[in-house]
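A quick note: this is a predicted structure, and the numbers were derived from the prediction, not measured. Note that these values count all heavy atoms, side chains included, but never hydrogens, waters or copies made by symmetry.
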Amino acid sequence: MNYTDHGEEAYRAAGREYRRPRHPVVFTKDRGCVAAPVGPVGIDFSLSREIDWEVELAVVIGRRAWRVDEAGALDHVFGYCVANDITARDLQTRHKQYYLSKSLPGSCPLGPWITTADEVPDPHDLAITLSVNGVLRQVSRTDQMVFSIPETIAAISRIVPLEPGDLILTGTPAGTGFAADPPSYLAPGDVVECSVEGLGTLSNRITALD
């Protein structure tokens, strides 16, 4: 819920009135979800029929962050990359939490490389897009985040330390499949392309696991 327009579409789909969060919504993902930036993403469709897409800017921690303030938070960032936080919406609804629905093995393409922080003058001024089979579904800019990267790092590190190599996915803009009318989900053969300005593009074909 770190982009207002996504928060609005998610609440609208649930028949609720959107209220801007007072604090970042934080959850973890299993590290086994990481997938290559190019190539197939295998999904067990016996577990979920509501596989959704979420393009996100990912922050790579380079130096331990423990109780850092916002002013010094970006000093702990090594670099940035692109992520697709593929989500099983039916599992999310069923289990009333995020971890299982966002941790399917191989369901989070990352990359295509890490762009070091010195090459990104302002991570809050980047175009972010996602297409499915060549059709644009998400178009936004990172300046639309509710909570900035320094705010998020400071909020997390007040409670738990962030270690080198940790990644923070910073949320997705509007245009997700579950909030469409009617809802739209990924199927075998679909090609998903995720881009963040200056950081590259992920290109993954969805396949069905036996």
**Student:** Charged N to carboxylate O under 4.0 angstrom, Asp30 versus Lys102?
**Tutor:**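 Salt bridge between Asp30 and Lys102, a charged N being under 4.0 Å from a carboxylate O: no.
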**Student:** Would Val55 and Leu126 show up in the same hydrophobic cluster when neighbours are defined by side-chain heavy atoms closer than 4.5 Å?
**Tutor:**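 They do share one cluster, since a chain of ILVMFWY contacts under 4.5 Å joins Val55 to Leu126.
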**Student:** Find out whether Lys29 and Asp85 are in side-chain contact, i.e. whether some heavy atom of one side chain is under 4.5 Å from a heavy atom of the other.
**Tutor:** yes
**Student:** Do you know which two heavy atoms are closest between Gly72 and His76, and how far apart they sit?
**Tutor:** O-CD2, 3.3 Å
**Student:** If you measure only the distance, is there a donor-acceptor pair under 3.5 Å linking the side chains of Tyr185 and Asp52?
**Tutor:** no
**Student:** Please round to the nearest 0.5 Å and tell me the distance separating atom OG1 of Thr176 and atom OH of Tyr3.
**Tutor:** 13.5 Å
**Student:** Are Ile159 and Val59 linked, directly or through intermediate hydrophobic residues, by side-chain heavy-atom contacts shorter than 4.5 Å (ILVMFWY only)?
**Tutor:** yes
**Student:** Would you say that His95 contacts Ser101 through its side chain, given a criterion of any heavy-atom pair below 4.5 Å between the two side chains?
**Tutor:** no
**Student:** Side-chain heavy atoms under 4.5 angstrom apart, residues restricted to Ile, Leu, Val, Met, Phe, Trp, Tyr: same cluster for Tyr80 and Leu169?
**Tutor:** no
**Student:** Side-chain contact, heavy-atom cut-off 4.5 Å: Val26 with Ile168?
**Tutor:** no
**Student:** Quick check for you: to the nearest 0.5 Å, what is the distance between Thr28 atom OG1 and Asp166 atom CG?
**Tutor:** 11.5 Å
**Student:** Could you state the interatomic distance from CG (Leu136) to OG (Ser195), rounded to the nearest 0.5 Å?
**Tutor:** 9.0 Å
**Student:** Can you see which heavy atom on Ala179 is nearest to which on Ala13, and at what distance?
**Tutor:**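 Heavy atoms only, the tightest pair is CA-CB, 4.2 Å.
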**Student:** Run the numbers on Asp5 and Gln144 for side chain to side chain contact (heavy atoms under 4.5 Å, CB included), then give the verdict.
**Tutor:** CA-CA 9 Å; Asp5 58 2; Gln144 298 302 302; 5.8 Å; no
**Student:** Any idea how Tyr11 and Tyr18 line up, ring-wise: parallel (<30°), tilted (30 to 60°), or perpendicular (>60°)?
**Tutor:** perpendicular
**Student:** Looking only at side-chain N and O atoms, does Asn2 offer a donor or acceptor that is under 3.5 Å from a partner on Thr170?
**Tutor:**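 No - no donor-acceptor pair under 3.5 Å links their side chains.
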**Student:** Kindly give the heavy-atom pair with the smallest separation between Pro173 and His6, and that separation in Å.
**Tutor:**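 Scanning both residues, the minimum pair turns out to be C-CB, 3.6 Å.
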**Student:** Is any NZ, NE, NH1 or NH2 atom of the basic residue among Asp125 and Arg141 found under 4.0 Å from an Asp or Glu carboxylate oxygen of the other?
**Tutor:**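 Result for this pair is yes, salt bridge flagged.
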**Student:** Less than 4.5 Å apart, side chain to side chain, heavy atoms only: is that true for Tyr98 and Val25?
**Tutor:**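 They are in contact (side-chain heavy atoms under 4.5 Å apart), so the answer is yes.
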**Student:** Are Phe178 and Leu186 grouped together when hydrophobic residues (ILVMFWY) are joined by side-chain heavy atoms under 4.5 angstrom apart?
**Tutor:**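 Hydrophobic grouping puts Phe178 apart from Leu186.
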**Student:** Starting at CG of Leu110, measure out to CG of Leu167 and round the result to the nearest 0.5 Å.
**Tutor:** 6.0 Å
**Student:** Does a side-chain heavy-atom distance below 4.5 Å link Val41 with Thr207?
**Tutor:** no
**Student:** In sequence, state the C-alpha distance, the side-chain angles, and the governing distance for Ser184 and Trp53, and then conclude on side chain to side chain contact (heavy atoms under 4.5 Å, CB included).
**Tutor:** CA-CA 10 Å; Ser184 177; Trp53 55 81; 4.0 Å; yes
**Student:** Under a 3.5 Å distance rule, please check whether Gln97 uses its side chain to pair with a backbone N or O of Tyr99 as donor and acceptor.
**Tutor:** yes
**Student:** Go through the steps to decide whether Leu104 and Ile51 satisfy the test side chain to side chain contact (heavy atoms under 4.5 Å, CB included), and finish with yes or no.
**Tutor:** CA-CA 10 Å; Leu104 296 179; Ile51 301 297; 4.1 Å; yes
**Student:** Of all heavy-atom pairs between Glu9 and Gly175, which one has the smallest distance, and what is that distance?
**Tutor:** OE1-N, 3.0 Å
**Student:** Taking the side chain as everything from C-beta on, heavy atoms only, tell me whether Ser203 gets closer than 4.5 Å to Val191.
**Tutor:** yes
**Student:** In terms of side-chain heavy atoms, does Thr172 have a donor or acceptor partner in Gln138 at a distance below 3.5 Å?
**Tutor:**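 Yes, because at least one side-chain N or O of Thr172 sits under 3.5 Å from a partner of the opposite role on Gln138.
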**Student:** Tell me the closest heavy-atom pair linking Ser107 and Ile43, and the distance in Å.
**Tutor:** CB-CD1, 4.5 Å
**Student:** Determine, using the 4.5 Å side-chain heavy-atom cutoff (strictly less than), whether Val60 and Leu199 are members of one ILVMFWY cluster.
**Tutor:** no
**Student:** With the side chain counted from C-beta on, respond yes when Val77 and Ile153 share a heavy-atom pair under 4.5 Å apart, and no when they do not.
**Tutor:**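 Sidechains of Ile153 and Val77: in contact.
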**Student:** For Leu47 and Leu91, work out which heavy atoms get closest and say how close.
**Tutor:** O-CD2, 3.6 Å
**Student:** Does CZ in Phe78 sit with more than 12 non-hydrogen atoms of other residues, nucleotides or ligands closer than 6.0 Å?
**Tutor:** no
**Student:** Under 3.5 Å, is there a donor-acceptor pair linking the side chains of Gln92 and Arg89?
**Tutor:** yes
**Student:** Using modelled atom types and a 3.5 Å cut-off, is there a donor and acceptor pairing between side-chain atoms of Ser157 and backbone atoms of Val68?
**Tutor:** yes
**Student:** Distance from Ser46 atom OG to Leu209 atom CG, nearest 0.5 Å?
**Tutor:**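 One finds 9.0 Å between OG of Ser46 and CG of Leu209.
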**Student:** Can you tell if the side chain of Asn84 reaches within under 4.5 Å of the side chain of Leu130, non-hydrogen atoms only?
**Tutor:**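 They are in contact (side-chain heavy atoms under 4.5 Å apart), so the answer is yes.
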**Student:** Is the backbone N or O of Val132 less than 3.5 Å from a side-chain atom of Arg137, with the two atoms forming a donor-acceptor pair by type?
**Tutor:** no
**Student:** Is Glu151 salt-bridged to Arg22, going by a charged N under 4.0 Å from an acidic O?
**Tutor:** no
**Student:** May I have the step-by-step check of side chain to side chain contact (heavy atoms under 4.5 Å, CB included) for Thr87 and Glu54, ending in yes or no?
**Tutor:** CA-CA 8 Å; Thr87 303; Glu54 293 189 9; 3.8 Å; yes
**Student:** Nearest 0.5 angstrom please: Phe147 CZ to Thr152 OG1, how far?
**Tutor:** 7.5 Å
